[in-house]
Protein chains: 2
Amino acid sequence: MSLNVSGYKRGCSLTELKEKIIETSLTLFDQHGFHGVSVNEIVKACGTSKGGFYHHFSSKDELLFVIHDYFITYVLIKAQEAISESTHPTEKMQKIIQSFVKVFDLYKPHISVFYQESIYLKPPYVEAIKKKRQMYKEIIFSVIKEGIDKGIFRSELPVEITGMSILGMVNWSYKWYKRDGGKTIDEIGDIYVDLILNALLTDKQKEAEIT
Amino acid sequence: MSLNVSGYKRGCSLTELKEKIIETSLTLFDQHGFHGVSVNEIVKACGTSKGGFYHHFSSKDELLFVIHDYFITYVLIKAQEAISESTHPTEKMQKIIQSFVKVFDLYKPHISVFYQESIYLKPPYVEAIKKKRQMYKEIIFSVIKEGIDKGIFRSELPVEITGMSILGMVNWSYKWYKRDGGKTIDEIGDIYVDLILNALLTDKQKEAEIT
DNA sequence: CGATTGAGACCGACTAGTTGGTCTGTACAA
DNA sequence: TTGTACAGACCAACTAGTCGGTCTCAATCG
């Protein structure tokens, strides 16, 4: 629940308003887009004021950055956990997908804002985010490469395009996934894993996997 | 090249400005987003005026709709052509993907605007676009269903999620594809087809396909 | 034939409203 | 007293959209 991550001790209600602003603007941005919501609307929805807002954020753009950074940092950590827990590329891939897909359930508005509004990030912020996005891609790429090197994934696969295909397939969920749809997020994750492994594994490995 | 589709005779330069406004705003929206570009900036970039703009469009929102509608209509026609040309589900899927992927090369800004800015479409317009998007999805779903019914695609695949996976994988290209990247759009399309068919086909069919 | 007319294409100053952001003031805790 | 956390009136800049006017040119008329 808490966005505080510093680990420093702090007065118990110090950033209460800051968190409320983030949570509120997140749902508002999700519904109407970054430019579809004014600072006035945010503060009204929070029951606070312009003063309150600009006490915690230097600009509306900084708020957008904070949302972006919080999300990508979280996802990055989860992916690193996923690959460090396993040794087998198949298992790594499985863990990454399943952990990422869970994020769609927990942080849907974060994701929507992340993918929809990142063009509006101003230069000082955009580089920081780009860097972390690239790190995430590299994790996927490295798993594919490892799988190919070990003869588990098909050797004719181009690493980067295959990686982007997987990312695209999973990321696109934010456009259509709804919590009250027919399938749970875990079921959807399993389907993704099934499709991806069928696309990646060599025929020999596939036989081995089934048994 | 021409957006004119009415079939009515018209003076040869009648809608020249309208097309220029569309083309110009397309690249501007692609770079800065719908709300990142003002009407003043559009008319300045076109060398025209407010009057010129509002002579052709009733509002900035209508311009956004025209861009959306032009693109989705084009894609829809291409997909219908693709499935009517073939009888075999595998071939249909292949044709759809390859024709769609070509669009990324030809209409990159259209696509970016289509996926990024559709939340800003106003109610009268948004329904019209939604309808056509749904039609496109149905085409994909029907091909998958047909493949399963004919025993060509794996029967355990859930039609809709598989369809959305394919759509996501291909659509996501708009986030990263660049014309001067390492691969041509046709090569990328072939990789997509390879991944998708490996994910969908039954083992028996795969053997048959290779020979 | 030339003159008249009128409709569509376009111009650009203008407006009413909104935007992100500032600044002074206040309540309260240490 | 001093610093933090917030309030809300205020502002300059910008926004989408309007409206009276001009120009061009084809159709009509004498």
Side-chain angles (χ1 to χ4, degrees), chain A residues 3-4 6 8-26 28-29 31-68 113 117 119-125, chain B residues 2-4 6 8-25 28-29 32-67 113 117 119-125:
Chain A
L3 295 180
N4 178 40
S6 67
Y8 269 51
K9 68 183 176 196
R10 56 175 175 82
C12 110
S13 67
L14 252 185
T15 58
E16 221 173 57
L17 178 61
K18 185 166 187 177
E19 283 189 29
K20 187 164 192 188
I21 291 173
I22 292 174
E23 290 302 317
T24 308
S25 55
L26 218 25
L28 288 174
F29 290 164
Q31 286 163 23
H32 310 108
F34 181 68
H35 279 96
V37 182
S38 67
V39 176
N40 265 321
E41 287 171 327
I42 294 170
V43 300
K44 207 167 285 176
C46 287
T48 181
S49 63
K50 280 286 186 75
F53 182 94
Y54 283 97
H55 179 71
H56 290 292
F57 301 98
S58 67
S59 65
K60 196 187 173 191
D61 294 298
E62 197 202 310
L63 167 63
L64 187 62
F65 168 73
V66 169
I67 290 171
H68 272 73
V113 173
E117 317 295 344
I119 30 163
Y120 297 121
L121 279 173
K122 292 270 167 18
Y125 302 125
Chain B
S2 168
L3 293 180
N4 178 41
S6 67
Y8 268 52
K9 66 184 176 195
R10 55 174 175 81
C12 106
S13 66
L14 253 183
T15 58
E16 222 174 55
L17 178 62
K18 185 166 185 176
E19 283 189 30
K20 187 164 191 188
I21 290 173
I22 292 174
E23 291 301 317
T24 308
S25 54
L28 288 175
F29 290 164
H32 310 108
F34 181 68
H35 280 96
V37 182
S38 69
V39 176
N40 265 322
E41 288 171 326
I42 294 171
V43 301
K44 206 168 285 175
C46 288
T48 181
S49 63
K50 278 286 185 76
F53 182 94
Y54 283 98
H55 179 71
H56 290 291
F57 302 98
S58 68
S59 65
K60 196 187 172 192
D61 294 298
E62 197 201 307
L63 167 62
L64 187 63
F65 168 73
V66 168
I67 290 172
V113 173
E117 316 296 342
I119 31 162
Y120 296 121
L121 279 172
K122 291 271 167 19
Y125 302 124

Open item on the list: For B/Ser58 and A/Thr48, find the nucleotide of DNA chain D closest to each by heavy atoms; which residue's nucleotide sits nearer the 5' end?
Closed with: A/Thr48

TODO: To the nearest Å, give me how far apart CG (B/Leu64) and P (D/dA16) are.
DONE: 12 Å

TODO: Would you kindly give the CD-to-P distance between B/Glu41 and D/dA13, to the nearest whole Å?
DONE: 17 Å

Task: side-chain contact (heavy atoms from CB on, under 4.5 Å), paired with B/Lys18, selected from B/His55, B/Glu23, B/His56 - done: B/His56

Open item on the list: Walk me through whether A/Lys50 and A/Asn40 qualify under side chain to side chain contact (heavy atoms under 4.5 Å, CB included).
Closed with: CA-CA 7 Å; A/Lys50 280 286 186 75; A/Asn40 265 321; 3.6 Å; yes

Open item on the list: Using side chain to side chain contact (heavy atoms under 4.5 Å, CB included), reason through B/Leu63 and B/Val39 one step at a time and then give a plain yes or no.
Closed with: CA-CA 10 Å; B/Leu63 167 62; B/Val39 176; over 6 Å; no

Task: Given DNA chain C, 5'-ward residue of the pair A/Phe34 and B/Gly51, judged by closest heavy atom - done: B/Gly51

Task: Nearest-angstrom distance from the residue atom NE2 of B/His35 to P of D/dC14 - done: 17 Å

Open item on the list: Quick one, A/Val113 with A/Leu64, criterion side chain to side chain contact (heavy atoms under 4.5 Å, CB included). Give me CA distance, side-chain angles, the key distance, then yes/no.
Closed with: CA-CA 8 Å; A/Val113 173; A/Leu64 187 62; 3.9 Å; yes

Task: Which nucleotide in D/dC6, C/dG20, C/dG21 has an atom nearest any side-chain atom of A/Ser59 - done: C/dG21

Open item on the list: Tell me the interatomic distance from A/Ile21, atom CD1, to C/dG21, atom C1', rounded to whole angstroms.
Closed with: 14 Å

TODO: When you get a sec, tell me which of C/dC10, D/dA7, D/dC6 is the closest nucleotide to the side chain of B/His55?
DONE: C/dC10

TODO: Please work out if A/Val37 contacts a base, only the sugar-phosphate, or nothing of the nucleic acid, heavy-atom cut-off 4.0 Å.
DONE: sugar-phosphate

TODO: Measure from the side-chain heavy atoms of B/Ser49 and tell me the nearest of C/dC11, D/dA7, C/dA9.
DONE: C/dC11

- [ ] Spell out yes or no: do the side chain of A/Lys50 and the base of C/dG21 have one donor N/O and one acceptor N/O closer than 3.5 Å?
- [x] yes

Open item on the list: Whole angstroms only, please: what is the CG-C1' distance between B/Leu17 and C/dG8?
Closed with: 13 Å

TODO: Compare side-chain N and O positions of B/Ser38 against OP1 and OP2 of D/dT15 and report whether any pair is under 4.0 Å apart.
DONE: yes

TODO: Decide ring pair (Phe, Tyr, Trp, His ring centres under 6.0 Å) for A/Tyr120 and A/His35; before the verdict, give the C-alpha distance in whole Å, the side-chain angles of both, and the deciding distance to 0.1 Å.
DONE: CA-CA 9 Å; A/Tyr120 297 121; A/His35 279 96; 4.1 Å; yes

Open item on the list: From CG of A/Asp61 over to P of C/dT19, roughly how many Å is that when rounded to an integer?
Closed with: 15 Å

- [ ] Please report, rounded to the nearest Å, how far the C1' atom of C/dG21 is from the CG atom of A/Leu63.
- [x] 14 Å

TODO: Starting from C1' on C/dG8, measure out to CZ on B/Phe57 and report it in whole angstrom.
DONE: 16 Å

